[in-house]
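Heads up: the structure comes next, in structure tokens.
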Amino acid sequence: MRLSSNLRRLAGCLLIFLFLLMMGGRVSAQGYDSARVEALKAAALAGVSAREKAVQEMVDMVFSFGELGFQEVETSKYLTGILRKNGFTVDTGIAHIPTAWTAKWGSGSPVIALGSDIDCIPKASQKPGVAYKSPIVEGAPGHGEGHNSGQAVIIYAAIAVKELMEKYHIPGTVVIWPGVAEELLGSKAWYIRDGIFKNVDACIFTHVAGAFVTQYGDLGYNGMVSVRFDFDGDAAHAAGAPWRGKSALDAVELMDVGWNFKREHLKPTQRSHYVITDGGDQPNVVPSKASVWYYFRERQYADIMSMYQSAQKIAQGAALMTDTRMQYHILGAAWAPHFNQPLSEVMYRNIRRVGMPVWSDADQQLARAVQKLVEAPKVDFEDGSPIDGLKTRVDSPLHGSVPFSMGGGSDDIGDISWNLPTVQLYYPANIPGTKGHHWADAIAMATPIAHKGSLAGAKATALTLIDMLTNPGLIAAAKEYFVKVQTKEQHYVSFIGESDPPSIFLNQAIMEKYRPAMKKFYYDPSKYKTYLEQLGIVYPTLEAKP
């Protein structure tokens, strides 16, 4: 007689339980042999698998909120509510950021932090599972990167492991935290400054991807400072008496011209870009106030600071030329990350054990349709692998530091990685070959692709958490790498000062504008199995109806 899949799972869990029972219940922190660790890992995998529905609901729920950085009000309330129900002690408003929090459970060492970002992208509202532009709310923000999935990865991994820690009296403390306003690089440097990670031994960070991989060392990111320059002049009638005005907008434009000439004399690894956030009110009034917002990116701390200081001089020059006054304010900052080798080696073995999700024909159809939509390259420029639908194998070997990088994006997990041993998991919940920071990156993020990829990520996270809790030598090796390799010659100096406040005002007006319309589309799991069902979407929808 063949057992159903549920009965086989139940039988497997029973065998695990009996094995652990024979261990005598309590597990000594010094006495974890390979058989005991294997039994705990099998139980952790079963615990995560049992929460497959909960993972799907959390991924879909956070997707439906679609909240921009510093305005993740509904997201944080929802996540902390679930954590409280599961016995975590929640501290809100950390680092003077209303939507930031920590959730702690357990006692003693090691203290392991698990983090993932929660904010989304402007103007990226998009119906999931639909392979053409079809916003849920026109012009509204949406999860055009996939940050809606990461908290499900770490929360349900932690809850599954917490059950085992309780049952078998495994010492240790688990701390869950959100990456608030990651797209603005706006929180993690403030977490470090305010001591949020002061007594943490190691950190697991997760991020959505089209692959299932981890890496260690310097991966080629750029660090960054985000700065707004504000100019203050005097208004006048732009036709009747323009000579009596002092144009703040002229100062902004002169600064931009000066910076664009400066680019010729910067290293090719730099990235710098800006938006004029205030250009005046109307053409017939000489603008008395104007502002421009810059991101200055480079590979090394010294080069970032050099760019930042040059920009200050150019801004001062623009103010002198226009007889205006200038102030500048740091809005965000990030170091280029460096990830821990011993932790990454363990994470990689666990990734290979879990393996890629089993994708359906519908999953692959959607992936290829989206790749066609965004004109994805045929080959991944980073690892040379083909881009043709969803990846079916964990085929990327574990890599260390890149020998050279032309520069690129930034992530403020770098600030945490330079203050304690940190490993980053990329889990396969999105489609390879998309543009990033684009509405099309939201298409997969409340579909079976995101659900399966997030579940796989939760399994790899749970296995790695078990390794950290049961192997004191792993934490010791991680700290040794951190001290003797990573920070031997390079030491962290924050870009922000003690008096720089977090920029919690950012995105407030945008969310106030769109939230009332977006609320109508919040996911209701009590009525619908999935968000796709709630929206009435046939999965996959590949072509628009004529």
Side-chain angles (χ1 to χ4, degrees), residues 59 63 117 120-136 141-150 183 207-215 219-222 271 273 351 356-397 399 402 405-411 424-454 456-457 532 537-544:
V59 169
F63 181 93
D117 300 322
C120 74
I121 301 291
K123 295 181 174 64
S125 178
Q126 171 64 26
K127 292 176 183 174
V130 176
Y132 52 85
K133 188 170 185 179
S134 183
I136 298 172
H143 276 285
E145 177 150 352
H147 288 173
N148 61 297
S149 57
E183 301 300 347
H207 197 282
V208 62
F212 204 7
V213 69
T214 188
Q215 295 172 300
L219 307 187
Y221 290 65
N222 276 350
R271 301 284 191 278
H273 20 264
I351 288 171
M356 291 293 290
V358 177
W359 308 116
S360 68
D361 290 343
D363 298 334
Q364 292 287 14
Q365 287 171 3
L366 181 67
R368 291 189 173 100
V370 170
Q371 288 163 349
K372 181 179 179 181
L373 173 73
V374 300
E375 299 178 335
K378 299 298 182 185
V379 176
D380 190 307
F381 76 94
E382 290 185 347
D383 61 16
S385 62
I387 295 176
D388 181 20
L390 300 167
K391 292 180 180 290
T392 57
R393 296 184 302 172
V394 179
D395 54 6
S396 296
H399 290 294
V402 297
S405 171
M406 284 298 296
S410 309
D411 193 324
Q424 177 157 277
L425 168 69
Y426 291 100
Y427 56 93
N430 211 334
I431 296 168
T434 55
K435 296 181 180 182
H437 294 187
H438 188 263
W439 58 264
D441 286 74
I443 291 173
M445 291 314 304
T447 73
I449 295 172
H451 305 151
K452 295 172 187 177
S454 298
L532 288 172
I537 294 170
V538 176
Y539 178 77
T541 297
L542 306 181
E543 296 181 357

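We number each residue from 1, following the sequence as shown. Just so it is clear, the model here is predicted, and its values are computed rather than measured. Hydrogens, waters and symmetry mates play no part in the numbers below; they use all other heavy atoms, side chains included.
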His207 vs His147, side-chain contact (heavy atoms from CB on, under 4.5 Å): CA-CA, chis, key distance, verdict | CA-CA 7 Å; His207 197 282; His147 288 173; 3.3 Å; yes
Evaluation steps, side-chain contact (heavy atoms from CB on, under 4.5 Å), between Asn148 and Val59 = CA-CA 6 Å; Asn148 61 297; Val59 169; 3.5 Å; yes
Go through the steps to decide whether Lys391 and Ser385 satisfy the test side-chain contact (heavy atoms from CB on, under 4.5 Å), and finish with yes or no.
-> CA-CA 10 Å; Lys391 292 180 180 290; Ser385 62; 2.9 Å; yes
Start with the C-alpha distance between Thr392 and Gln364, add both sets of side-chain angles, then the distance that settles side-chain contact (heavy atoms from CB on, under 4.5 Å), and finish with yes or no.
-> CA-CA 10 Å; Thr392 57; Gln364 292 287 14; 3.8 Å; yes
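At a threshold of 4.5 Å between non-hydrogen side-chain atoms, the residues Gln371 and Pro432 count as touching. Using a 4.5 Å heavy-atom cutoff, the side chains of Ile121 and Trp439 are not in contact.
Residues that satisfy the ring pair (Phe, Tyr, Trp, His ring centres under 6.0 Å) test with His451, not counting sequence neighbours, are absent from this structure. Lys127 pairs by the salt bridge (Lys or Arg N to Asp or Glu O under 4.0 Å) definition with nothing, not counting sequence neighbours. With sequence neighbours left out, the side chain to side chain donor-acceptor pair (under 3.5 Å) criterion links Asp411 to no other residue.
Shown here for Tyr539 and Pro448, the closest heavy-atom pair between the two residues is CZ-CD, 3.6 Å. A pairwise comparison of heavy atoms in Ser454 and Tyr427 identifies OG-CE1, 4.0 Å as the closest pair. Considering every non-hydrogen atom in both Leu542 and Ala369, the closest pair reads CD2-CB, 3.8 Å.
The side-chain contact (heavy atoms from CB on, under 4.5 Å) with Ile449 is formed by just one residue from the set Ile443, Asn430, Leu390, Val370; it is Leu390.
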